[in-house]
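Please read these numbers as outputs of a predicted model, since none were measured by experiment. Within every chain, numbering begins at 1; the chains are lettered A, B, ... in the order of the sequence lines, protein sequences first and strands thereafter.
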There are 2 protein chains.
Amino acid sequence: MPDPNLYDPDCPTRLVLDRIGDRWTVLVVLLLSQKSPMRFTELRRHVGGIAPKVLTQTLRALERDGLLRRTVYAEVPPRVEYELTELGRSLRAPITAIGRWAERHVGEVLDARASYDDDQRADQVDA
Amino acid sequence: MPDPNLYDPDCPTRLVLDRIGDRWTVLVVLLLSQKSPMRFTELRRHVGGIAPKVLTQTLRALERDGLLRRTVYAEVPPRVEYELTELGRSLRAPITAIGRWAERHVGEVLDARASYDDDQRADQVDA
DNA sequence: CTGTATCCTGTAAGATACTG
DNA sequence: CAGTATCTTACAGGATACAG
């Protein structure tokens with residue numbers, strides 16, 4: 001394999017970033033790295049406001065990428081459990097780091113936004 | 001401020017995740033944490049395949065969130081430099097961690113995808 | 001050089017109803 | 001319970017031309 005180069009649009013590392021870049025993947029991985037295994041409805045309840053179709057898509061994509069293991073128990077009613085694989089758990093550290101950054105710095109970001117938007121409004125008036 | 005809760009759709013931390021979640025932000029932050037300041041065209045050249053409009057959007061969003069400082073020099077031809085702020089640099093560690101994870105584990109992910117897709121095909125034939 | 005201004009399109013995501 | 005099946009829509013993102 002050639003040197004991975006995130007900045008090359010054709011480099012597969014980009015596929016990884018694109019995956020992480022969807023709205024739900026990070027949240028699901030965070031959840032499963034805190035509690036595992038979890039069931040479909042359980043995940044759905046914890047991840048606020050996700051449609052079942054979308055949750056399925058997210059889980060399937062994670063499974064396809066080898067980050068997640070899906071286990072179906074032949075019972076009635078059906079029971080399906082999701083848990084991170086070894087590979088998925090290796091994502092835990094970097095992703096929780098992002099999560100913690102978000103929690104610690106939301107305030108600053110919101111302040112920055114507010115003052116940026118204020119300046120914008122001021123410029124509008126000037127012009 | 002109430003406890004930040006990433007899983008609450010209305011929690012502002014989600015705004016942060018959404019920002020990180022676009023296609024280019026992570027790449028731009030990575031670039032600027034390696035070399036700074038950088039100019040518009042320079043960024044454009046390094047980030048493979050980004051349209052100028054989109055690069056502008058990305059940079060503006062980062063600026064609005066206080067992660068990026070944009071400096072315009074009154075010269076002809078115009079020169080504009082971009083660099084991370086303190087806040088932006090604090091994102092460096094978590095984001096480079098993601099980048100490194102991608103580089104280190106692309107192989108495994110691609111393998112997982114291939115075998116998953118193979119199984120899918122096999123199931124198709126079975127049915 | 002550093003961007004706007006337009007126009008256009010694909011697709012992620014949402015809502016909802018339904019099934020084994 | 002754990003999902004599919006459908007339908008719909010917004011909007012991020014792309015291509016291209018042009019402007020100060």
Side-chain angles (χ1 to χ4, degrees), chain A residues 7-10 14-28 31-32 37-65 68-83 120 123-124 127, chain B residues 7-10 14-28 31-32 37-65 68-83 120 123-124 127:
Chain A
Y7 308 109
D8 175 357
D10 296 326
R14 283 284 274 269
L15 299 177
V16 176
L17 282 193
D18 288 352
R19 179 111 314 288
I20 288 173
D22 70 38
R23 200 192 256 22
W24 303 109
T25 296
V26 169
L27 292 176
V28 169
L31 267 180
L32 284 175
M38 286 183 89
R39 303 176 60 175
F40 190 86
T41 307
E42 207 177 350
L43 282 163
R44 198 180 161 190
R45 235 185 4 251
H46 280 84
V47 179
I50 189 172
K53 191 198 68 174
V54 177
L55 180 54
T56 300
Q57 286 172 351
T58 305
L59 293 169
R60 289 289 197 281
L62 284 170
E63 189 190 2
R64 181 163 103 102
D65 286 356
L68 188 71
R69 183 167 26 252
R70 175 170 177 272
T71 313
V72 182
Y73 296 89
E75 303 174 355
V76 176
R79 180 164 57 105
V80 178
E81 290 187 341
Y82 295 92
E83 58 184 338
Q120 287 300 92
D123 291 353
Q124 288 284 350
Chain B
Y7 308 109
D8 175 356
D10 297 325
R14 282 284 274 269
L15 298 178
V16 177
L17 280 193
D18 288 351
R19 179 112 316 288
I20 288 172
D22 70 39
R23 199 192 256 24
W24 303 108
T25 297
V26 169
L27 293 176
V28 169
L31 267 180
L32 284 175
M38 286 183 91
R39 302 176 58 177
F40 190 85
T41 307
E42 206 178 350
L43 283 163
R44 198 180 161 189
R45 236 185 4 252
H46 280 84
V47 179
I50 189 174
K53 191 197 69 175
V54 177
L55 180 53
T56 300
Q57 285 173 354
T58 305
L59 292 169
R60 289 290 196 282
L62 285 169
E63 190 191 1
R64 181 163 103 102
D65 285 357
L68 188 72
R69 183 166 28 250
R70 176 172 176 270
T71 312
V72 182
Y73 296 90
E75 303 174 358
V76 177
R79 181 163 56 103
V80 179
E81 290 187 343
Y82 295 93
E83 59 184 338
Q120 287 299 95
D123 291 352
Q124 287 283 350

Review point. Just by protein heavy atoms under 4.0 Å, how would nucleotides 13-20 of chain D read 5' to 3' in B, S and -?
Key: BBB----B
Looking at [N], I'd like to know if its phosphate oxygens (OP1 or OP2) sit under 4.0 Å from a side-chain N or O belonging to [X].
| X | N | result |
| --- | --- | --- |
| A:T56 | D:dG3 | no |
| B:R79 | C:dG3 | no |
| A:R39 | D:dA2 | yes |
| B:Y82 | C:dG3 | yes |

**Study point:** Distance in angstrom units between A:L59 CG and C:dA13 P, rounded
**Key:** 13 Å
Check your understanding: To the nearest Å, how far apart are A:M38 CE and D:dA2 P?
Key -> 11 Å
Practice item. Using the salt bridge (Lys or Arg N to Asp or Glu O under 4.0 Å) rule, collect all pairs that involve residues 37-60 of chain A, keeping only residues at least two apart or in two chains. Key: A:K35-A:E42
Could you tell me which residues satisfy side-chain hydrogen bond (donor to acceptor under 3.5 Å, both in side chains) with [X], sequence neighbours excluded, listed by chain and number?
| X | answer |
| --- | --- |
| A:R14 | none |
| B:E75 | B:R79 |
| B:T25 | B:D22 |

Check your understanding: Hey, are the side chains of B:Y82 and B:M38 touching, using non-hydrogen atoms and a 4.5 Å cut-off?
Key -> no
Check your understanding: Quick one: does A:L31's side chain get under 4.5 Å of A:L27's, heavy atoms only?
Key -> no
Study note, to complete from the structure: the helix from C:dC1-D:dG20 to C:dG20-D:dC1: angle between terminal helix axes, five bp per end, to the nearest 10 degrees, reads 60°
